Amino acid sequence: MIVVLTLAAALQQIPAAAPDTSDDIVVLGKRLQEVGVRMKIDRKGRLRTCSVTKSVDDADLDRFWCDAGVACAATRPKGAAALTACVEGRRGEFLERLAQVRAVNERN
């Protein structure tokens, strides 16, 4: 039996690590919310497939959900709700790191 998990991220206000990236984090968060993802996990909680069903034409944002899903599935979550909570828990750190990297790249 395969459980189908569709993630629809709810936008949360994420405090910025550096003041100059706060607007970027909010914008990235809004775009990340728009990515559509379909994950299939088996009864043992293993991630079997992950695909982007709606892209925002930003490879980093599109890839986040599946990368986080793979990392979270490795912790053997107990069901879809636990997997979703784990993935959502990684979002804030990811957005902060991505905004910082992009800010540095823009300066160079």
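Owing to the predicted nature of the structure, the values given are computational and were not obtained by experimental measurement. Both backbone and side-chain heavy atoms feed into the values below; hydrogens, waters and symmetry mates do not.
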Subject >> Close side-chain approach of Val104 to Arg107, heavy-atom, < 4.5 Å >> reply: yes
Original post:
So, does Asp62 use its side chain to make a donor-acceptor pair with the main chain of Val56 at under 3.5 Å?
Top reply: yes
Subject >> Spatial distance of atom CZ (Arg91) from atom CH2 (Trp65) [nearest 0.5 Å] >> reply: 5.0 Å
Subject >> Met39 side, atom CE; Thr49 side, atom OG1 - distance, nearest 0.5 Å >> reply: 9.5 Å
Original post:
Going through the distances and angles, do Leu98 and Leu61 end up as a side chain to side chain contact (heavy atoms under 4.5 Å, CB included)?
Top reply: CA-CA 9 Å; Leu98 182 59; Leu61 296 178; 3.8 Å; yes
Original post:
Where is the tightest heavy-atom contact between Val87 and Cys72, given as atom of each residue plus distance?
Top reply: N-SG, 3.4 Å
**OP:** Evaluate the side-chain proximity of Arg31 to Asp58: yes if any heavy-atom separation is below 4.5 Å, no if none is.
**Re:** yes
**OP:** Locate the shortest heavy-atom distance separating Ala73 from Leu83; write the atom from each residue and the value.
**Re:** N-CD1, 3.8 Å
**OP:** Could you list all the ring-ring contact (aromatic ring centres under 6.0 Å, His included) pairs where at least one residue sits in residues 89-108, not counting sequence neighbours?
**Re:** Phe64-Phe94
**OP:** Using side-chain contact (heavy atoms from CB on, under 4.5 Å) as the criterion, point out the one residue from Arg90, Arg97, Glu96 that pairs with Glu93.
**Re:** Arg97
**OP:** May I ask you to decide if Arg38's main-chain N or O and Thr53's side chain share a donor-acceptor pair within less than 3.5 Å?
**Re:** no
Original post:
If you measure from the Lys or Arg side-chain nitrogens to the Asp or Glu carboxylate oxygens, is any gap between Glu106 and Arg102 under 4.0 Å?
Top reply: no
**OP:** Indicate the atoms forming the closest heavy-atom contact of Cys66 with Ser51, along with that distance.
**Re:** SG-N, 3.9 Å
**OP:** Report yes if the side chains of Cys50 and Val70 come closer than 4.5 Å at any heavy-atom pair, otherwise no.
**Re:** no
